[in-house]
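Working notes for the structure below.
Index from 1, following the sequence.
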Amino acid sequence: MADTVTGPEILQENDKRVVIKLVNQSDGDGGTTVFFDVSAMAAREDGTAVTRGTLQRVWFSAQGGDGGDSFARLDFEDSDGDRPLLGFTGTGYWDFREFGGCPASRDDNTNGDINFVVPGAADDGNMYTIIAEFIKEYS
């Protein structure tokens, strides 16, 4: 069995930013989905490819379970082991624009992708929804 995942779906994209949505219903085994996929982003009009994204805002809901197992997170994809960016419990909205956003990883082992991770401790049926806005960065 596998998580039921809808998305990631690009809700809005232009040369400057992208807004992405994902809904995940856990099967109780955990899972990882590439959320911000640099290879899936539209290149700038001059053909320059997207290399990273700076997280500006995020709306989220991590519901279900007994509270201790209903979290989710965003991780920087890294060949030495993914590194957490943010963790989510409950329902909320965070706005990082006032200080320029949560910057993309500049680590040499990072490919620019950001993963949505549901832990193996999640209960079957836990629901996760995330909508995030990123500023696109180019090489």
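- Side-chain atoms of Asn115 never come within 3.5 Å of backbone atoms of Val117 as a donor-acceptor pair (strictly under, hydrogens ignored).
- Here the straight-line distance linking atom CG of Asn109 with atom CZ of Arg83 works out to 8.5 Å at 0.5 Å rounding.
- Across Arg97, Lys16, Arg52, a single residue satisfies side chain to side chain contact (heavy atoms under 4.5 Å, CB included) together with Ile135, and that is Lys16.
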Derivation and outcome, side-chain contact (heavy atoms from CB on, under 4.5 Å), residues Phe36 and Leu55 = CA-CA 10 Å; Phe36 182 91; Leu55 180 62; over 6 Å; no
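- Atom CG of Asp46 sits in a crowded spot, with more than 12 heavy atoms from other residues, nucleotides or ligands closer than 6.0 Å.
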ask   = Between Ile20 and Phe35, is a side-chain contact (heavy atoms from CB on, under 4.5 Å) present by the stated rule, with each step listed?
value = CA-CA 8 Å; Ile20 306 168; Phe35 182 69; 3.5 Å; yes
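- Of the residues listed (Trp94, Tyr128, Phe71), the one engaging Phe60 in a ring pair (Phe, Tyr, Trp, His ring centres under 6.0 Å) is Trp94, and it is the only one.
- Note: the hydrophobic cluster containing Phe88 does not contain Tyr93 (ILVMFWY, side chain heavy atoms under 4.5 Å, direct or indirect links).
- A donor-acceptor pair under 3.5 Å is absent between the side-chain atoms of Lys136 and the main chain of Ala43, judged by distance alone.
- Counting heavy atoms from C-beta on, the side chains of Leu85 and Asp75 never come closer than 4.5 Å.
- Residues Asp37 and Pro8 form no side-chain contact, since every pair of their non-hydrogen atoms from C-beta on lies 4.5 Å or further apart.
- Looking only at distances, no side-chain donor or acceptor of Asp124 sits under 3.5 Å from a matching main-chain atom of Gly28.
- Side-chain heavy atoms closer than 4.5 Å link hydrophobic residues (I, L, V, M, F, W, Y) into clusters, and following such links, possibly through other members, connects Leu86 to Phe76.
- Asp3 contributes no side-chain N or O that, together with a main-chain N or O of Val5, makes up a donor-acceptor pair within less than 3.5 Å.
- When only modelled atom types and interatomic distance are considered, Arg17 and Gln12 share a side-chain donor-acceptor pair under 3.5 Å.
- At least one side-chain heavy atom of Phe96 sits under 4.5 Å from a side-chain heavy atom of Val58.
- The two residues Gly53 and Ala104 have their closest heavy-atom pair at O-CB, 3.2 Å.
- The pair Arg106-Glu137 meets the salt-bridge criterion, since a charged nitrogen lies less than 4.0 angstrom from a carboxylate oxygen.
- No continuous path of hydrophobic side-chain contacts links Trp59 to Val23 [ILVMFWY only; heavy atoms under 4.5 Å].
- Under the 4.5 Å side-chain heavy-atom criterion for ILVMFWY residues, no single connected hydrophobic cluster contains both Leu11 and Leu74.
- Rounding to the nearest 0.5 angstrom, the gap separating the CG atom in Asn111 from the OG atom in Ser39 is 8.5 Å.
- Side-chain contact check for Glu77 versus Val34: some heavy-atom pair is nearer than 4.5 Å.
- Between Ser26 and Asp29, the shortest heavy-atom distance links the atoms OG-N, 4.3 Å.
- Under a 3.5 Å cut-off, the side chain of Asp82 and the backbone N or O of Asp78 do form a donor-acceptor pair.
- Proximity of Val18 to Ile10: side-chain heavy atoms (C-beta onward) are separated by under 4.5 Å at one or more points.
- A distance-only check finds no donor-acceptor pair linking the side chain of Thr110 to the backbone of Gly112 [under 3.5 Å].
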Candidate pair Thr4 and Asp27, rule side-chain contact (heavy atoms from CB on, under 4.5 Å), full reasoning = CA-CA 8 Å; Thr4 302; Asp27 67 353; over 6 Å; no
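- Side-chain contact check for Asp107 and Ser105: no donor-acceptor pair (N or O, by modelled atom type) lies under 3.5 Å.
- A 4.5 Å side-chain heavy-atom check between Asp15 and Glu45 finds at least one atom pair inside the cut-off.
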